[in-house]
Amino acid sequence: MIRIAREPRRTARATLPGVRRFADTVLDWYGTAARDLPWRRPGVPAWAVLVSEIMLQQTPVARVLPAYEAWLARWPTPADCAAAPSGEAVRMWGKLGYPRRALRLHEAAQAIVDRHGGVVPAELDELLALPGVGAYTARAVAAFAYGRRHPVVDTNVRRVVARAVLGQGDPGPPSTARDLSAVAALLPADAARAARFGVASMELGALVCTARTPRCADCPVLASCAWRAAGCPRYEGPTRRPQRFAGTDRQVRGLLLDVLRAADGPVSAAALDAVWSLDAQRARALDGLVADGLVDPLPDGTFALPGHQSSTGVPISSRE
Ligand code: SF4
């Protein structure tokens, strides 16, 4: 039985005329200021939208663009991706970071083939059931690929709503239910406009209402912005600390994966040892990659991306 995911009701905070004005203003602005990004073009398949949304989580647009183009050139459909070894997904992920996303996207492609005949589903429950697809990505695909009416809430949208509507300088820690409810209150009734409002408010946060230096003079909702009207009060609540990268296990994991991606086959332990001088940290990072399924340790002591041939020619695991 399919469980129907329900979207939150509108909160009492936003009045209907105010909501309409806010949405109309953001939509008008988007019509003139939107960036031309390939995953937003008319007729882009849902698979391309899903790939872009997974890649854009925690990675800036400029770094995603070449990886997105290369991924879709190689695997234009979920079936193409599902037929490749999972290690090839890790290789194609390149330097996007957080490479477990590559494995989850590959698993999602397999699930789309197995459960949906190779077509990315449009229903929220079916999208949410795909590996690696959470509350944000499921709604983004349903809205942007299929024009469904769902609140789409990313970091940029949370910041715009916190400032323009709630009068807070910072949205504070995320809460899926609260964030969805706040954005649902702003959605136009028409599904197509609601879907466009999702990407428009995201773009407003990315280009104008930026985290550190909002460009209020250029903002289409300046006249009604609650935070500006309140005199830009300093946010006193909890915030997230920016994550350090240099010297962390994340950096070492990235260096180890660089070696494996650059190789056509398995690599020796000595080749991996050369990337980082601290033995304990390097071993911990490699153990983590193995535990996450990003690296296969082979019986002969070499290492490979998952699903590749061992150095003795024995296939490890592959759907090809
Ligand atoms: S007026 Fe400034 S703070 Fe308010 S939404 Fe626009 S950019 Fe953000």
Side-chain angles (χ1 to χ4, degrees), residues 7-37 40 53 56-62 64 135-136 139-140 143-144 149-190 192-242:
E7 295 296 10
R9 292 165 179 238
R10 288 187 163 176
T11 59
R13 188 188 282 267
T15 63
L16 205 53
V19 163
R20 283 207 191 111
R21 260 197 313 277
F22 184 82
D24 288 348
T25 305
V26 173
L27 283 164
D28 287 349
W29 168 85
Y30 183 72
T32 62
R35 289 169 291 178
D36 175 25
L37 297 174
R40 292 180 183 167
E53 290 298 340
L56 286 163
Q57 293 165 10
Q58 299 166 301
T59 308
V61 166
V64 164
Y136 165 77
R139 286 170 175 80
F144 304 154
R149 186 179 182 278
H150 294 293
V152 182
V153 189
D154 76 343
T155 315
N156 288 319
V157 174
R158 293 181 68 242
R159 189 170 54 252
V160 168
V161 172
R163 289 175 180 164
V165 180
L166 306 177
Q168 298 172 195
D170 186 292
S175 152
T176 301
R178 190 187 60 223
D179 295 339
L180 287 174
S181 178
V183 176
L186 301 170
L187 282 186
D190 175 72
R193 281 178 70 74
R196 192 166 160 85
F197 174 74
V199 69
S201 48
M202 216 177 273
E203 191 77 333
L204 185 61
L207 299 183
V208 178
C209 193
T210 54
R212 287 198 191 141
T213 48
R215 294 170 37 224
C216 299
D218 300 325
C219 181
V221 296
L222 171 61
S224 64
C225 176
W227 187 56
R228 291 283 304 196
C232 304
R234 191 184 167 85
Y235 176 73
E236 304 288 357
T239 54
R240 278 196 190 169
R241 285 195 189 164

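For ligands, and for the atoms within them, numbers begin at 1 and follow the listed sequence.
Heavy atoms of other residues, nucleotides or ligands lying less than 6.0 angstrom from CZ of R35 number more than 12.
Formation of a donor-acceptor pair under 3.5 Å by the R159 side chain with backbone atoms of G205 is found in this model. A donor-acceptor pair is defined here as one N or O able to donate and one able to accept, closer than 3.5 Å; no such pair exists between the side chain of R158 and the backbone of V153.
Pairs passing the salt bridge (Lys or Arg N to Asp or Glu O under 4.0 Å) check and including a residue from residues 215-231, sequence neighbours excluded, read R215-D218.
In this model, no donor atom of one side chain and acceptor atom of the other lie less than 3.5 Å apart for Q57 and Y136.
Using a 4.5 Å cut-off on side-chain heavy atoms (C-beta onward), V61 and L56 make contact.
Excluding waters, the set of protein N, O or S atoms lying under 2.8 Å from atom 4 (Fe) of ligand 1 comprises C225 SG.
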